[in-house]
Trainee: 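Questions regarding the structure given below will be posed in turn.
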There are 2 protein chains.
Amino acid sequence: MRLVVARCQIDYAGRLSAHLPMATRVLMLKADGSVLVHSDGGSYKPLNWMSPPCSVKEVVSEDGQVEWLVTGKAEDTLRILIEEIHHDSSHELGVDPGLQKDGVEKHLQELLAEHPATLAEGLTLVRREYPTAIGPVDLMCRDAEGRSVAVEIKRRGEIDGVEQLTRYLELLNRDPLLAPVRGIFAAQEIKPQARVLATDRGIACAVVDYDALRGLDDPTDRLF
Amino acid sequence: MRLVVARCQIDYAGRLSAHLPMATRVLMLKADGSVLVHSDGGSYKPLNWMSPPCSVKEVVSEDGQVEWLVTGKAEDTLRILIEEIHHDSSHELGVDPGLQKDGVEKHLQELLAEHPATLAEGLTLVRREYPTAIGPVDLMCRDAEGRSVAVEIKRRGEIDGVEQLTRYLELLNRDPLLAPVRGIFAAQEIKPQARVLATDRGIACAVVDYDALRGLDDPTDRLF
DNA sequence: ATCTGAATGTCGACG
DNA sequence: CGTCGACGTTCAGAT
């Protein structure tokens, strides 16, 4: 890992073309050859970058200008024209053990599979990841009357999720052994437009409380 | 901008929970208070981070352990337990002039609006961003026979874009003044599944050559 | 290798 | 300030 603070000008040509005027920025050169250009603000996203695998070549022109030419896989090129280097240091980091996550959609699905009745009175699980020709339905359930219920789970419920569930329901309802199948759109948060679309299509919405579900679950069975 | 290389252990609690075991990493602390944790590999995305606005507080426990507590807006917290600092430097960067882009979907739409006949023989433009209740149609055109044609433009044609165009067509075909409206799905690259879905729904696919379109366009009218 | 859906997505535009 | 769609999306998992 090499960290450079330099006044530089940058041009990128690849899937798009982009240009950064001369200014002072941080250049992060990782061990795999990838390069990140950060300014003092914005977000975690660099102003510009080159993804690995790629290689950096230093070019010095006749008039003494230093340029770093970063070339990637396809026709991606990042040209960094260096005017002045304020800082330059290299560091040995080693391999990172990596990130452990908890609280993503998969966990929500696991919890709802264990407690389907929180979605609707008397709901019982038939199976998780119920397979169909166009992909698996998150939860296939049966209601108190024994009718099929397809559940689509999202962390954040938006219009795409309703579209997805609609496709499943359309397909499932062609199967006379299952039909009629109704749908429940479950999410920790449901956007108004998604709710309107779901309601218009006769799909029920269920807002899920992740922490409450965790409370129902065995508290010893945690990641950390 | 402060750059720190340190052996550290990190816990994040916010929209999800995440944990990073003790290892050597780069910590980037930006002027707006945001913090990025990078390893020597991966991609431009940090292992962990805190978006602005947020503040960093240094806490030293009784046994001398140093911890940085980064708190954000809501209940987001990032705890960085520092074991050893290998490098620590601060730099004045100033405000960045920002990025200039060229070659995104908007530009593709402009080019196709100027040359609609490249999509289908005899096609003429009615208007760009044709408004409907569920959002604007990229291009509304008329074919040689004077029938309406709705065009959805994507850089990469995937299933979502076909769904979007399907919604527009469904709505537009309810208007007796426009109906029948047919659809063209235009993209630089169309994924097989998207093509299958489009064809199944009677929507034509058009693969667009960006460079060729640019060639038709006035070459003096460039961004830089 | 390709494809698909998720994301602490982020970012910008528009109402 | 929320909503929506694009993104050099990136990313991980499954086929």
Side-chain angles (χ1 to χ4, degrees), chain A residues 12-18 34 36-37 42-52 54 70 72-78 98-99 101-109 129 131 134-136 138 152-161 163-164 167 187-197, chain B residues 10-18 34-37 42-52 54 70 72-78 98-99 101-109 129 131 134-136 138 152-156 158-161 163-164 167 187-188 191-194 196:
Chain A
Y12 168 75
R15 280 179 264 195
L16 58 59
S17 301
S34 59
L36 284 65
V37 182
S43 67
Y44 74 65
K45 196 176 178 180
L47 289 167
N48 223 323
W49 71 94
M50 184 65 80
S51 302
C54 60
V70 191
K73 226 177 218 154
E75 297 169 31
D76 286 29
T77 54
L78 190 68
L99 189 69
K101 283 187 185 182
D102 176 39
V104 289
E105 184 190 308
K106 198 177 86 177
H107 301 122
L108 202 59
Q109 191 193 109
E129 302 284 353
I134 54 171
D138 287 340
E152 175 64 33
I153 300 166
K154 295 282 176 203
R155 204 173 53 73
R156 282 165 52 182
E158 296 178 31
I159 213 161
D160 278 11
E163 293 286 9
Q164 196 179 336
R167 286 199 295 273
Q188 285 182 271
E189 176 201 353
I190 296 180
K191 292 285 171 76
Q193 295 224 354
R195 184 181 291 275
V196 167
L197 186 64
Chain B
I10 295 172
D11 286 280
Y12 169 75
R15 280 176 268 194
L16 57 58
S17 302
S34 60
V35 179
L36 283 66
V37 182
S43 66
Y44 74 67
K45 194 177 179 177
L47 290 166
N48 221 324
W49 71 95
M50 183 66 80
S51 303
C54 60
V70 190
K73 223 174 216 160
E75 295 169 32
D76 286 31
T77 55
L78 188 68
L99 190 69
K101 279 187 187 181
D102 176 35
V104 287
E105 185 192 308
K106 200 177 100 179
H107 196 203
L108 202 59
Q109 192 193 103
E129 301 285 352
I134 54 171
D138 287 339
E152 175 64 32
I153 301 167
K154 296 282 175 202
R155 202 177 53 72
R156 280 163 52 182
E158 295 178 32
I159 213 160
D160 280 9
E163 292 286 8
Q164 197 179 334
R167 286 198 296 273
Q188 283 183 275
K191 291 286 173 75
Q193 295 226 354
V196 168

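Per chain, numbering begins at 1; letters A, B, ... match sequence-line order.
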Trainee: Could you give the CD1-to-P distance, from B:I153 to D:dG5, as a whole number of Å?
Mentor: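 Nearest whole value for this atom pair: 16 Å.
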
Trainee: A:L108 has an atom CG; how far is it from atom C1' of C:dG5, in whole Å?
Mentor: 15 Å

Trainee: Want to settle it: does B:Y44 or A:A194 sit nearer the 5' end of DNA chain D, counting the closest nucleotide to each?
Mentor: A:A194

Trainee: Please enumerate all residues that pass side-chain contact (heavy atoms from CB on, under 4.5 Å) together with A:D160, with sequence neighbours excluded.
Mentor: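 Partners of A:D160 by the side-chain contact (heavy atoms from CB on, under 4.5 Å) criterion, ordered by chain and then number, come out as B:D160.
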
Trainee: Quick one: closest heavy-atom pair of B:C54 and B:S51, and the distance?
Mentor: SG-O, 3.6 Å

Trainee: Within this structure, what is the CG-to-C1' distance between B:L99 and C:dT10, rounded to whole angstrom?
Mentor: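 It is 14 Å, rounded to the nearest whole Å.
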
Trainee: Do A:D138 and A:E105 make a side-chain contact, defined as non-hydrogen atoms from C-beta onward lying under 4.5 Å apart?
Mentor: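 In contact.
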
Trainee: Does C:dT8 have OP1 or OP2 sitting under 4.0 Å from an N or O in the side chain of B:S51?
Mentor: no

Trainee: Would you kindly give the CG-to-P distance between B:D160 and D:dG5, to the nearest whole Å?
Mentor: 10 Å

Trainee: Determine the minimum heavy-atom distance between B:R156 and B:A187, stating which atoms define it.
Mentor: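 Nearest heavy atoms, B:R156 then B:A187: C-CB, 4.2 Å.
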
Trainee: Minimum heavy-atom separation for B:A194 and B:I159, please, with both atom names.
Mentor: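 Of all heavy-atom pairs spanning B:A194 and B:I159, the closest is CB-N, 3.8 Å.
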
Trainee: Starting at the 5' end of DNA chain C, which residue's closest nucleotide do you reach first, B:I159 or B:N48?
Mentor: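 Nearer the 5' end of the strand: B:I159.
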
Trainee: Tell me which nucleotide among C:dT8, D:dT3, C:dC11 gets nearest to the side chain of A:K45.
Mentor: C:dC11

Trainee: Quick one: A:K101 NZ to D:dA12 P, roughly how many Å, whole number?
Mentor: 8 Å

Trainee: Closest to the B:Q164 side chain: D:dA6, C:dT8, D:dT3?
Mentor: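 The listed nucleotide nearest to B:Q164's side chain is D:dA6.
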
Trainee: Between B:E152 (CD) and D:dG5 (P), how many Å, whole number?
Mentor: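 Rounding to the nearest Å, CD of B:E152 and P of D:dG5 are 10 Å apart.
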
Trainee: Of the nucleotides C:dT10, D:dA6, C:dT8, which one has an atom closest to the side chain of A:S43?
Mentor: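 Nearest nucleotide to the side chain: C:dT10.
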
Trainee: Where the side chain of A:R15 is concerned, which of D:dT10, C:dT8, D:dG5 is the nearest nucleotide?
Mentor: D:dT10

Trainee: Looking only at heavy atoms, which two atoms of A:P52 and B:G42 are closest? And how far apart?
Mentor: CG-O, 3.6 Å

Trainee: Hey, does A:K106 reach any base, or is it just sugar-phosphate, or nothing, if we go heavy atoms under 4.0 Å?
Mentor: nothing

Trainee: What nucleic acid atoms does A:Y12 come within less than 4.0 Å of, heavy atoms only: base, sugar-phosphate, or nothing?
Mentor: base

Trainee: Give the stems involving DNA chain D, where a stem is 3 or more consecutive Watson-Crick or G-U wobble pairs (i with j, i+1 with j-1, and so on) under 3.5 Å.
Mentor: C:1-7 with D:9-15, C:9-15 with D:1-7

Trainee: Without decimals, in angstroms, what is the distance between A:K154 NZ and C:dA6 P?
Mentor: 3 Å

Trainee: Minimum heavy-atom separation for A:L99 and B:A18, please, with both atom names.
Mentor: CD1-CB, 3.9 Å

Trainee: When the nearest nucleotide of DNA chain D is assigned to B:D138 and to B:R156 on a heavy-atom basis, which residue is associated with the more 5' position?
Mentor: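 That would be B:D138.
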
Trainee: Rounding to a whole Å, what distance do you find between A:E105:CD and D:dA12:P?
Mentor: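 It works out to 16 Å between those atoms.
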
Trainee: With sequence neighbours left out, write down each residue that passes side-chain hydrogen bond (donor to acceptor under 3.5 Å, both in side chains) with A:E163, or none if nothing qualifies.
Mentor: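 By the side-chain hydrogen bond (donor to acceptor under 3.5 Å, both in side chains) rule, A:E163 matches A:R201, B:R167.
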
